[in-house]
Amino acid sequence: MTFNDLHLITPILQALEQEGYTQPTPIQQQAIPAVLQGRDLLATAQTGTGKTAAFAIPILQLLHRQAIPAPRAIRALVLTPTRELASQVGDSFAAYGRYTGLKQLVVYGGVPYKMQTEALQAGIDILVATPGRLLDLLDQGFVDLKQVQLLVLDEADRMLDMGFLPDIRRVLQAIPEKRQTLFFSATMAPEVSKLAKKILTEPVSVEVTPVSSTAGTIRQELYYVKKANKTPLLLHLLQHKGIDRTLVFMRTKEGADKLAKELNAAGIAAEAIHADRAQRDRERVLESFKHSETRVLVATDVAARGIDVEDLSYVINYELPFEPETYVHRIGRTGRAGNMGTAVTFCGASETPLLIAIQNLTGKAIPVVDQHPYPLSAQDFIEAAESSSAKNSNKKSAGKGKRGRR
Ligand code: AMP
């Protein structure tokens with residue numbers, strides 16, 4: 001199938017050709033016709049599937065068909081959980097829409113209001129926003145959403161995880177009820193489906209790569225290693241595995257900062273990216289990683305979500321995530337667009353329950369690499385099992401104590 005078969009207009013086809021896209025991805029093949037027909041959409045798709053173009057292309061086409069209202073009014077609104085994702089979605093609209101004459105703007109927090117408010121006053125057709133800043137601008141009267149016809153919730157699961165539900169509700173109140181809604185989420189946990197049901201009308205459902213599956217282009221490797229040996233092992237792999245640059249995942253901001261410091265002290269150009277860093281810093285760090293000036297980008301899950309770095313051949317899970325779905329998201333940063341990628345996972349003895357949860361979700365055991373300088377001993381596993389059962393029995397007796405006192 002080609003983009004021509006999707007009956008796209010020439011200005012968009014030209015832009016896609018310029019982008020070097022030859023074929024629509026599976027999510028685009030399913031979503032574009034449905035959206036062009038005016039249907040609501042419920043899409044289960046992760047980053048890397050081409051989901052952004054799956055909504056941006058038909059939105060541009062639908063808006064291009066209409067006369068531009070005078071004065072110009074926001075006719076399409078895209079909500080995203082993070083600034084990075086908002087900015088990437090904005091770049092996509094700019095790229096695919098470059099010959100349509102439509103105007104788009106990205107707004108997010110952490111940057112001065114002036115440029116955003118000036119652009120809003122000049123008039124735009126498409127607004128991409130994170131919920132917090134959008135509500136600020138709405139409250140201050142800089143944004144009018146009464147002519148919105150198309151609403152996209154991108155990475156809806158992430159927005160809910162980040163506590164944006166009340167904000168989403170407020171945005172919904174500010175836009176017309178009669179509209180077309182496109183709902184994108186990597187997972188369909190019960191609360192996500194609940195929101196989807198509430199805001200969609202007879203949606204067309206499309207699904208690609210269910211979250212429990214890991215792409216076949218990603219080689220997975222598991223290293224059992226003590227917590228104290230994780231940094232030495234990382235340094236060893238950086239020296240011996242021909243890793244040009246890599247994204248390393250941490251659970252906490254403090255952990256990310258600490259690891260970046262340790263790597264720099266060992267002579268490896270590393271930067272941490274997380275929610276506490278100013279927007280300017282985050283953008284600079286990302287650019288420097290994209291240009292390979294930074295070899296290791298240490299990221300927390302919230303910050304990493306939406307980071308789109310092409311040709312990333314390695315991701316490393318320094319710590320296992322608490323949610324098994326997060327593992328699938330993390331490793332989906334590599335092995336994109338048909339290229340091979342490797343996802344390396346460090347697992348301490350006490351982290352094995354998290355590993356089991358991941359393997360249960362994906363239905364596959366991650367192949368273990370035991371030839372490395374810092375293997376775990378059987379004693380390490382026994383100690384971890386003993387310490388976890390001691391913790392459990394402490395919890396139980398603490399629980400009993402509380403009930404006894406009531
Ligand atoms: P997304 O899932 O929207 O984050 O897109 C992942 C990557 O795929 C982005 O770098 C897009 O530029 C790229 N992409 C999207 N659609 C296509 C396509 N039809 N052909 C080639 N690359 C694409």
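Counting convention: from 1, in listed order, for ligands and their atoms alike.
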Residue selection (non-hydrogen contact nearest atom 19 (N) of ligand 1) among Gln29, Gln23, Gln88: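 Closest candidate by heavy-atom distance is Gln23.
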Name the orientation class of the two ring planes belonging to Phe346 and Tyr223 (parallel below 30°, tilted from 30 to 60°, perpendicular beyond 60°).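 Ring orientation of Phe346 relative to Tyr223: perpendicular.
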Atoms of ligand 1 less than 4.0 Å from Gly50 heavy atoms?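 This gives 1 (P), 2 (O), 3 (O), 5 (O), 15 (C) as the contact atoms.
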Hey, which atoms in ligand 1 end up nearer than 4.0 Å to a heavy atom of Phe3?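 In order of number, 19 (N).
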Residues that Phe289 engages under ring-ring contact (aromatic ring centres under 6.0 Å, His included), provided they are two or more places apart: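 Testing Phe289 for ring-ring contact (aromatic ring centres under 6.0 Å, His included), a comparison that skips the adjacent residues, returns none.
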Without hydrogens or angle criteria, can the side chains of Thr294 and Ser288 be said to hold a donor-acceptor pair below 3.5 Å?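 Their side chains do contain a donor-acceptor pair, which is all the 3.5 Å distance test asks for.
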Is the terminal nitrogen or CZ of Arg245 (NZ for Lys, CZ for Arg) located under 6.0 angstrom from the six-membered ring centre of Tyr314 and within 45° of that ring's axis?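 Judged by the rule (NZ or CZ under 6.0 Å from the ring centre, within 45° of its axis), Arg245 is not positioned above Tyr314.
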Counting only nitrogen or oxygen atoms and a 3.5 angstrom limit, does Thr52 reach ligand 1?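 N/O-N/O distance below 3.5 Å exists for this pair.
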